[in-house]
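Heads up: the structure comes next, in structure tokens.
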Amino acid sequence: MSRMGVMSTASTPVVVTELLERSRRLGSDKRNTNYAGGNTSAKGTDTDPVTGDEVELIWVKGSGGDLGTLTQAGLAVIRLDRLRAMVDVYPGVDREDEMVHAFSYCLHGTGGAAPSIDTAMHGLVDQPHVDHLHPDSGIALATAADGPALTAECFGDRVVWVPWRRPGFQLGLDIRDIQRANPQAIGCILGGHGITAWGATSTEAEANSLAIIREAEAFIASRGKAEPFGAVMPGYEALPVQQRRARAAVLAPVIRGLASTDRRMIGHFDDSEAVLEFLSRSEHPRLADLGTSCPDHFLRTKVRPMVLDLPPSAELDEVIARLGELHAEYRDEYAAYYQRHAEPNSPPMRGADPAIVLVPGVGMFSFGANKQTARVAGEFYLNAINVMRGAEAISTYAPIPEVEKFRIEYWELEEAKLRRLPKPKRLATRIALITGGASGIGLATAQALVAEGACVVIADRDADGAQRVATELGGPDVAIGVAADVTDEAAIEATIAAACLAFGGVDLVVNNAGLSLSRPLLETSAQDWDLQHDVMARGSFLVSRDTARVMIAQGMGGDIIYICSKNAIFAGPANIAYSATKAAQAHQVRLLAAELGEYGIRVNGINPDGVVQGSGIFASGWGANRAAVYGIEEKDLGQFYAQRTILKREVLPEHVAAAVAAIASDEFSRTTGLLVPVDGGVAAAFLR
């Protein structure tokens with residue numbers, strides 16, 4: 001006997017293995033379906049874990065998850081006898097949402113995913129294997145004004161048109177009846193939505209799905225007109241790559257600030273050829289205003305994007321001012337859209353800011369609660385562009401009516417899905433830039449901030465190390481690595497631009513880059529002095545200045561945190577240059593806190609001491625030097641520092657990182673100008 005939700009690989013039925021393999025093949029090709037879009041299923045038998053009898057089951061991709069990476073844990077396992085029995089108690093389309101809750105009473109075994117809204121479509125169709133997908137080519141036919149006729153022209157009677165209906169139990173009944181009435185059919189085009197295909201075997205279902213997708217692609221290519229988006233608008237062509245990236249980096253924080261009016265968002269930038277070509281054409285304002293059609297698309301992209309109506313040659317100040325005006329208009333229109341369609345039991349309006357902002361000649365800015373969501377929203381709008389191109393090539397793009405979009409966007413079932421999302425971590429939607437982030441305190445800080453939900457930019461002279469850390473932290477949806485020398489103004493500018501293009505801006509700066517040359521006064525050269533002041537005093541000033549500009553453009557406040565030192569307060573021997581530059585950093589904290597407070601930017605510092613383990617400074621000779629000064633072995637330096645403290649405990653990089661994460665959190669929202677000792681307790685370094 002086996003329990004479906006906790007079944008081992010060895011006991012997995014063949015039909016499930018085939019389903020997972022088919023799903024991954026289909027989902028790994030973006031021509032077949034969008035990320036997390038669509039679902040697949042297979043019917044078969046297995047043993048009832050209670051009675052030992054054989055039962056008919058359906059394994060179907062559950063709510064959420066992605067076909068391309070589907071695992072057995074992502075399948076809902078349902079008894080077919082119970083699912084089919086629901087037909088007899090179906091109360092009608094006005095109450096079909098109740099059927100989704102009833103799916104939970106049809107589950108077999110323990111564990112597994114929650115059943116999706118499309119479960120009825122899979123379970124009621126009289127075929128063992130069913131695929132429901134969102135291919136751009138299929139949706140192009142599904143959103144064409146004369147979609148039924150074009151579907152018949154493309155496929156004959158092998159693929160049947162299904163008029164638009166919101167996903168649910170009734171759509172499952174509709175497709176069941178259509179499949180029964182058309183035994184020659186291999187699938188259907190769902191008006192405004194996507195495709196569904198079936199087969200007697202997993203191989204046949206996959207072949208039928210691919211046949212519908214590829215034949216639709218070929219039909220559009222052979223029958224379509226040359227310029228579906230109209231003629232090029234003079235002056236709206238794409239800027240050269242370096243110029244448009246530079247402009248995008250400047251605009252990203254401004255646009256992110258606008259898109260975060262209701263709640264803070266993370267951004268993503270896309271200047272792919274398809275986006276730029278769409279925005280250069282005369283029909284893009286009309287098509288963008290029509291909005292997306294496939295439910296998966298507009299749930300991520302909102303009902304329509306915000307589109308800048310100026311050419312890329314417009315002056316930057318004019319563009320920024322116009323974006324502000326368009327944003328105000330967008331919010332007013334979104335509120336009106338909500339009022340037009342809201343019913344007494346509709347969920348409250350979730351926010352009126354755009355998820356997609358289109359800037360001709362520059363590209364697309366997309367937004368979400370995290371980087372992956374922002375990136376996927378952009379990918380979905382790119383899907384929508386492809387859909388519009390296909391529909392306009394063979395007909396006229398005609399998405400589902402606005403009221404139907406509202407019914408899905410503010411569907412109670414979607415609202416329930418949102419309520420099930422985990423509570424955001426305390427630094428979620430924050431973007432951190434960490435200098436010297438590839439080792440020591442910087443590395444520990446990056447790890448701590450990511451653990452708290454932040455996106456991070458690892459800036460370090462060691463480019464390979466920065467990239468390695470970014471990869472270890474989770475890759476570009478979480479972290480990026482950038483080669484940066486904080487003594488080089490151009491390098492700082494490029495680093496901040498990279499942060500803006502990757503995530504939309506900067507909210508938190510950790511000035512951690514540093515080095516030390518421990519020498520007595522008489523042995524300290526001017527070069528020693530200049531180098532340490534260039535890296536720490538001057539470098540942190542430059543980074544703070546340029547990131548403050550970004551924070552002010554965003555209009556969402558921010559945090560600047562200096563990793564100073566106990567030596568900023570304590571006067572020790574043979575350390576003139578290092579201690580003086582740390583004192584300079586400590587006073588920058590006070591000066592910038594006083595100056596930037598009006599923008600909601602908090603400036604604080606950490607004064608660590610004796611952080612030996614993992615320290616790049618100590619490993620580069622500083623440790624050996626300090627050990628010699630104190631007359632001890634270098635390996636004992638950490639414990640030596642610990643024993644001279646009040647707490648007698650060694651300070652590790654993660655202790656400093658924890659202080660950074662705490663100070664950057666909302667718990668310290670009323671604190672600025674503070675220097676926090678993380679030194680185990682050094683009385684001589686107490687602030688007075």
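Quick caveat: nothing in here was measured; it's all calculated off a predicted structure.
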Can you tell whether the side chains of [X] and [Y] come within less than 4.0 Å, N to carboxylate O?
X    : Y    : answer
E315 : R322 : no
R468 : D460 : no
D679 : K566 : no

Handout entry: Within-4.5 Å side-chain heavy-atom neighbours: V535 and T487
Key = yes
Completion exercise
Which of Q372, R375, K371 passes side chain to side chain donor-acceptor pair (under 3.5 Å) with H268? Answer is K371
Kindly say whether [Y] contributes a backbone atom to a donor-acceptor pair with the side chain of [X] at under 3.5 angstrom?
X    : Y    : result
T435 : A459 : no
N607 : C564 : no
Q588 : A537 : yes
N512 : G436 : yes
R300 : G368 : no

We want to know whether [X] and [Y] form a side-chain donor-acceptor pair, criterion being a heavy-atom distance below 3.5 angstrom.
X    : Y    : answer
N370 : T373 : yes
Y35  : E379 : no
N511 : S544 : yes

Take a 6.0 Å sphere around [atom1] of [X] and say whether it holds more than 12 heavy atoms from other residues, nucleotides or ligands.
X    : atom1 : value
E595 : CD    : no
R461 : CZ    : no
R350 : CZ    : yes
E325 : CD    : yes
E493 : CD    : no

Handout entry: Geometric class of the Y641/Y630 ring pair [parallel <30°, tilted 30-60°, perpendicular >60°]
Key = perpendicular
Practice task
Please state whether the rings of Y410 and Y334 are parallel, tilted or perpendicular, taking 30° and 60° as the class boundaries.
Solution key: tilted
